[in-house]
Protein chains: 2
Amino acid sequence: MTPRRPAGGAAGAETSSREKILDVAEALFAQRGFSGVGLREVADAVGLGKSSLFHHFRSKVDLYLEVLGRVLARIEERVGPVRASALGPAEKLDRCIDALVDALAEQPATARLLLRGLFEDDAFPPEAAAQVAEAERRIQTLIQGIGSILREGIEQGVFRPVSVAHTIQTLIGATVYHFASGEFGEELIGSPLLSGDEVRGRKDHLKALLHHGLGA
Amino acid sequence: MTPRRPAGGAAGAETSSREKILDVAEALFAQRGFSGVGLREVADAVGLGKSSLFHHFRSKVDLYLEVLGRVLARIEERVGPVRASALGPAEKLDRCIDALVDALAEQPATARLLLRGLFEDDAFPPEAAAQVAEAERRIQTLIQGIGSILREGIEQGVFRPVSVAHTIQTLIGATVYHFASGEFGEELIGSPLLSGDEVRGRKDHLKALLHHGLGA
DNA sequence: GTCTATACTACGATAGAC
DNA sequence: GTCTATCGTAGTATAGAC
């Protein structure tokens, strides 16, 4: 949607093949998962031959993990600054939800890919172990950020003494699942999940529920 | 886990091949999804040749949809009676959560398969359209059951006037995702998700959050 | 950087013996 | 009801010309 210039390259260059592949693969992996997508389908959608993909990515697993890495980067970009801010727990949690929801709503594939990353075990080959471990570490860091906010709030008495782990699980489900629910969610809600109004509505719902639900 | 006698058959019969296949396929499909599982893997795990599966199921899609149907039946069995009961909205919602959580915690594959059914679009062939439509209808019925409880509660003033659709989405995420989160969730919670203590803990967390979060 | 050609494996599904 | 054998296709990945 927002093509950028290559990092230090000359002006006038279009989106690189690499980025095109990543964009297409992201949409497809989000819809049907790692095993559900063939490289031929990716290549066709990009407008390349199947073999050309291997010039840009070592393997299908490599492509998938780079897609996942981009998704995580998008979320970190939004949530990171909130975590580093000096707000109180209640306000910080609100801003954290805003940031997470914005990140998940920014592109339709984000939530589905993250959800798949959270509950699927795709049995990746051992040579990808390092990349898999790094993705897990980044997710852990995000989770622990939310955990810190909740713990701080409980210590300060602004939140009820709830289970931090259970609350995180609820929060993940309420955000990631919602924006991953696609057609099903849209039929239930009755309007596009990613429209500006709907995104605002989701934030309001979540913040109100937590305000009443966690408030001391 | 609970082998039953064949419907009208003689005593002493062990679990039928058909049920063995369904059990094995359920576990595998839950872990890796429709495309991630090969029929050879299913057959090996059951102890049959690959071709023998086609004696019991017309196709892989047929097998998958029958697995999904069993999962839905398990949930309906628990949630249905609650919906039909004559309790007030607040108590009915509590019992509904108990029933749903019990159903999801009964077998480890249930939540993952349901979650996949909710957000995945597996592009099934047109000849399976009827079976797919029936599964969607059953899910819709379950959803509408919860919707009715929420609407009734709001009308009677025992719940805040929240968005019913958003609350349902939150509830699905908080229950189905939690029990589908597998290794990730267990690491976060720190103990097996399906143990008796943990299941009770999850129910308590959810009911407390909703009690405070929805209470008028 | 993209292509054609190809290797090798696995897939879902069918036919037919037993 | 299970088996072996086989079909046709598609999967990931590599080699090498351009």
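The model shown is predicted, which means the values in this text are computed figures rather than measured ones. To find a chain, count down the sequence lines: A is the first, B the second, and so on, and within it residues start at 1.
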Discussion item. Side chains of A:Thr170 and B:His205: any donor to acceptor distance under 3.5 Å?
Written reply: yes

Discussion item. Can you confirm whether more than 12 heavy atoms, excluding those of B:Glu127, are under 6.0 Å from its CD atom?
Written reply: yes

Discussion item. Please classify the nucleic acid contact of A:Val37 as base, sugar-phosphate, or nothing, using heavy-atom distances under 4.0 Å.
Written reply: sugar-phosphate

Worksheet entry | Any donor-acceptor N/O pair under 3.5 Å between C:dG12 base and B:Lys50 side chain | yes

Response to the item:
Whole-Å distance, B:Arg18 CZ to D:dT2 P, equals 13 Å

Discussion item. Looking only at the side chain of B:His56 (C-beta and beyond, no hydrogens), which of the listed nucleotides D:dT12, C:dA13, D:dT2 gets closest?
Written reply: D:dT2

Fill in: Between C1' of C:dA15 and CG of B:Leu53, the distance in whole Å
17 Å

Worksheet entry | For B:Lys60 against B:Phe29, the heavy-atom pair lying closest together | CE-CE2, 4.1 Å

Discussion item. Does C:dT14 have OP1 or OP2 under 4.0 Å away from a side-chain N or O of B:His55?
Written reply: no

Response to the item:
Taking D:dC3, C:dA13, D:dT12 as options, the one with an atom nearest any side-chain atom of B:Ser59 is C:dA13

Discussion item. Between A:Glu26 and A:Arg74, does any NZ, NE, NH1 or NH2 come within less than 4.0 Å of an OD or OE carboxylate oxygen?
Written reply: yes

Worksheet item: How close or far is atom P of D:dG11 from atom CZ of A:Arg32, stated in whole angstroms?
Response: 11 Å

Item to complete: Write down the distance between CG (B:Asp44) and C1' (D:dC3), rounded to a whole number of angstrom.
Response: 14 Å

Worksheet item: Start at the 5' end of DNA chain D and walk down; is the nucleotide closest to A:Leu39 or to B:Gly49 reached first?
Response: B:Gly49

Worksheet item: Mapping A:Arg58 and A:Glu41 to their closest nucleotides on DNA chain D, which lands nearer the 5' end?
Response: A:Glu41

Discussion item. Whole angstroms only, please: what is the NZ-P distance between B:Lys20 and D:dT2?
Written reply: 9 Å

Discussion item. Is it the case that atom CD in A:Gln140 sees more than 12 heavy atoms from other parts of the structure closer than 6.0 Å?
Written reply: yes

Item to complete: Can you figure out which of D:dA13, D:dT2, C:dC3 approaches the side chain of A:Lys60 most closely?
Response: D:dA13

Response to the item:
Rounded to whole Å, the CG-P distance (B:Leu63 to C:dC11) equals 14 Å

Worksheet item: Starting at CZ of A:Phe57 and ending at C1' of C:dG1, how long is that distance when rounded to a whole Å?
Response: 14 Å

Worksheet item: Atom CZ of A:Phe54 to atom P of D:dT14: distance rounded to whole Å?
Response: 7 Å

Worksheet item: If only side-chain N and O atoms of A:Ser51 are considered, is one of them under 4.0 Å from the OP1 or OP2 phosphate oxygen of C:dC3?
Response: no

